[in-house]
Undergrad: 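Below you'll find the structure I mean.
Letters A, B, ... mirror the listed sequences (proteins, then strands); counts begin at 1. Given the structure is predicted, the values throughout are model-derived calculations rather than measurements.
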There are 2 protein chains.
Amino acid sequence: MNSKFKIDQQHLLEVQDIFKMLSNINRLKILYLLDNESKTVNELVELLGLEQSAVSHQLRILRDFQLVSVKQVGKTKEYRVDDPHIFDIINEAVEHSDHVMRGANHGE
Amino acid sequence: MNSKFKIDQQHLLEVQDIFKMLSNINRLKILYLLDNESKTVNELVELLGLEQSAVSHQLRILRDFQLVSVKQVGKTKEYRVDDPHIFDIINEAVEHSDHVMRGANHGE
DNA sequence: AATTCATATGAATCACTCCTCATATGATTA
DNA sequence: TAATCATATGAGGAGTGATTCATATGAATT
């Protein structure tokens, strides 16, 4: 039998969706930019060099996953990361990336 | 400034690729099936209910990421997970999934 | 309330992913 | 070495994702 606990189809689909959501560099950048610091949509647009529309579309996805929260401030909206736990996953991937890079250097 | 260490474009692209690779339920299933236990391609085909070709295509991706290793055994090839560290990422996503589900129940 | 500033959304387009089909490669056995 | 079993690969097509363009909504200011 496998060492890891069995995981059902339902769980796997959720995990797949989380990874899909994280598999876009602009969403990753947005998460980093909004970590512990709120920013408006236009600020993100400037920082990322993307169309305002593109940023809004990505923010909608992050909102759907309840990763960011919004606060209306005057005419603008301030976004920030609402669920810092998401960085636990991202950081594991960063570590894996480092880990693999090290391995590649050794191997060749 | 942000609480998390800055991460450059290069790293972010690698992280994006890792998440892309993980954002497919069949690859996730294959990883679970090959964890601590080697299986042939045909065994995977049977267990997953996919075409042999589809399984081979996914195995190629997992090989490219050096997540699985292959050993020729007679006519068959035995695959197994080569880098169990990948489960650190997957397990974080599983936990996140649970975490979000709990949140949803509380909230509504 | 009309205008302006800020953000959101829908539709269209382009790119990419995954699967299937057909076929190739590669190892074993007759 | 011919045939067979096991796996790999390339091309093609359906579905999905990301971006852009145009426009809508919504709050604040005049």
Undergrad: Figure out the CD/P separation between B/Glu78 and C/dA27, and round it to whole Å.
TA: 16 Å

Undergrad: Ignoring the backbone of B/Thr40, work out which of C/dT7, D/dT7, D/dA8 is nearest its side chain.
TA: D/dT7

Undergrad: Hey, does A/Gln58 have a side-chain heavy atom less than 4.5 Å from the side chain of A/Ile30?
TA: yes

Undergrad: Under the ring-ring contact (aromatic ring centres under 6.0 Å, His included) definition, can you give me all pairs with a residue in residues 6-26 of chain B, not counting sequence neighbours?
TA: A/Phe19-B/Phe19

Undergrad: Of the non-hydrogen atoms in A/Ser56 and A/Val41, which two are nearest, and what is the gap between them?
TA: OG-CG1, 4.2 Å

Undergrad: Looking only at side-chain N and O atoms, does B/Arg63 come under 4.0 Å of OP1 or OP2 in D/dT9?
TA: yes

Undergrad: Quick test: give all pairs of protein nitrogen or oxygen and nucleotides 26-30 of chain D nitrogen or oxygen below 3.5 Å, distance rounded to 0.1 Å.
TA:
residue : atom : partner : partner atom : Å
D/dA27  : O3'  : A/Gly74 : O            : 3.3
D/dA28  : OP1  : A/Gly74 : O            : 3.3

Undergrad: Between A/Tyr79 and C/dA6, is there a side-chain N or O to OP1/OP2 distance below 4.0 Å?
TA: no

Undergrad: For a quick test of reading the model, state the closest non-hydrogen atom pair linking A/Lys39 to A/Leu47 and the distance between them.
TA: CE-CD1, 3.3 Å

Undergrad: Rounded to the nearest angstrom, tell me the gap between atom NZ in B/Lys39 and atom P in D/dA6.
TA: 17 Å

Undergrad: If I take atom CG in residue A/Leu62 and atom C1' in nucleotide D/dG17, what distance separates them, rounded to the nearest angstrom?
TA: 14 Å

Undergrad: In the structure I gave you, are the side-chain heavy atoms of A/Glu37 and A/Leu33 within less than 4.5 Å of one another anywhere?
TA: no

Undergrad: Could you state the atom-to-atom distance from CG of B/Asn42 to P of C/dA27 in whole Å?
TA: 17 Å

Undergrad: Students often get this wrong, so: under 4.0 angstrom with heavy atoms, is A/Ser56 touching a base, only sugar-phosphate, or nothing?
TA: base

Undergrad: Given atom CG of B/Leu59 and atom C1' of C/dC18, what is their separation to the nearest angstrom?
TA: 14 Å

Undergrad: Looking at every non-hydrogen atom in both residues, tell me the closest pair between A/Leu12 and B/Lys29 and how far apart they are.
TA: CD1-CG, 3.6 Å

Undergrad: Can a side chain N or O of A/Arg60 be found less than 4.0 Å away from OP1 or OP2 on C/dT7?
TA: no

Undergrad: Please report the distance, rounded to the nearest Å, between CD1 in B/Ile61 and P in C/dC16.
TA: 15 Å

Undergrad: Quick check: any donor-acceptor pair below 3.5 Å linking the side-chain of B/His57 to the base of C/dT20?
TA: yes

Undergrad: For a quick test of your reading: what N or O donor-acceptor pairs under 3.5 Å do the side chains of residues 67-76 of chain B make, sequence neighbours left out?
TA:
residue : atom : partner : partner atom : Å
B/Gln72 : NE2  : B/Gly74 : O            : 3.1
B/Thr76 : OG1  : B/Val73 : O            : 2.9

Undergrad: With a 4.5 Å cut-off on side-chain heavy atoms, are B/Leu44 and B/Leu59 touching?
TA: yes

Undergrad: Using a cut-off of 6.0 Å, state whether more than 12 heavy atoms not belonging to A/Glu95 lie near its atom CD.
TA: yes

Undergrad: Check step by step if side-chain contact (heavy atoms from CB on, under 4.5 Å) holds for A/Arg27 and A/Leu62.
TA: CA-CA 8 Å; A/Arg27 283 195 292 274; A/Leu62 295 175; 4.0 Å; yes

Undergrad: Below 4.0 angstrom, which residues in residues 44-54 of chain A have at least one non-hydrogen atom near DNA chain C?
TA: A/Gln52, A/Ser53

Undergrad: Sequence neighbours excluded and cut-off under 3.5 Å, please list the side-chain donor-acceptor pairs for residues 77-86 of chain A, or say none.
TA:
residue : atom : partner : partner atom : Å
A/Glu78 : OE1  : A/Ser38 : OG           : 3.4
A/Tyr79 : OH   : A/Arg63 : NE           : 3.2
A/Asp83 : OD1  : A/His85 : N            : 3.2
A/Asp83 : OD1  : B/His99 : NE2          : 3.2
A/Asp83 : OD2  : B/His99 : NE2          : 2.9
A/His85 : ND1  : B/His96 : ND1          : 3.1
A/His85 : NE2  : A/Asp88 : OD2          : 3.4

Undergrad: Using a cut-off of strictly less than 4.0 Å between a heavy atom of the residue and any atom of DNA chain C, enumerate the qualifying residues of residues 12-26 of chain A by number.
TA: none

Undergrad: Using atom CG of A/Asp64 as one end and atom P of D/dG17 as the other, report the distance to the nearest whole Å.
TA: 13 Å

Undergrad: Using OP1 and OP2 only, check whether a side-chain N or O of B/Arg27 sits under 4.0 Å from C/dT17.
TA: no

Undergrad: Ignoring hydrogens and angles, tell me if any N or O in the side chain of B/Asp35 forms a donor-acceptor pair with the backbone of B/Leu31 under 3.5 Å.
TA: no

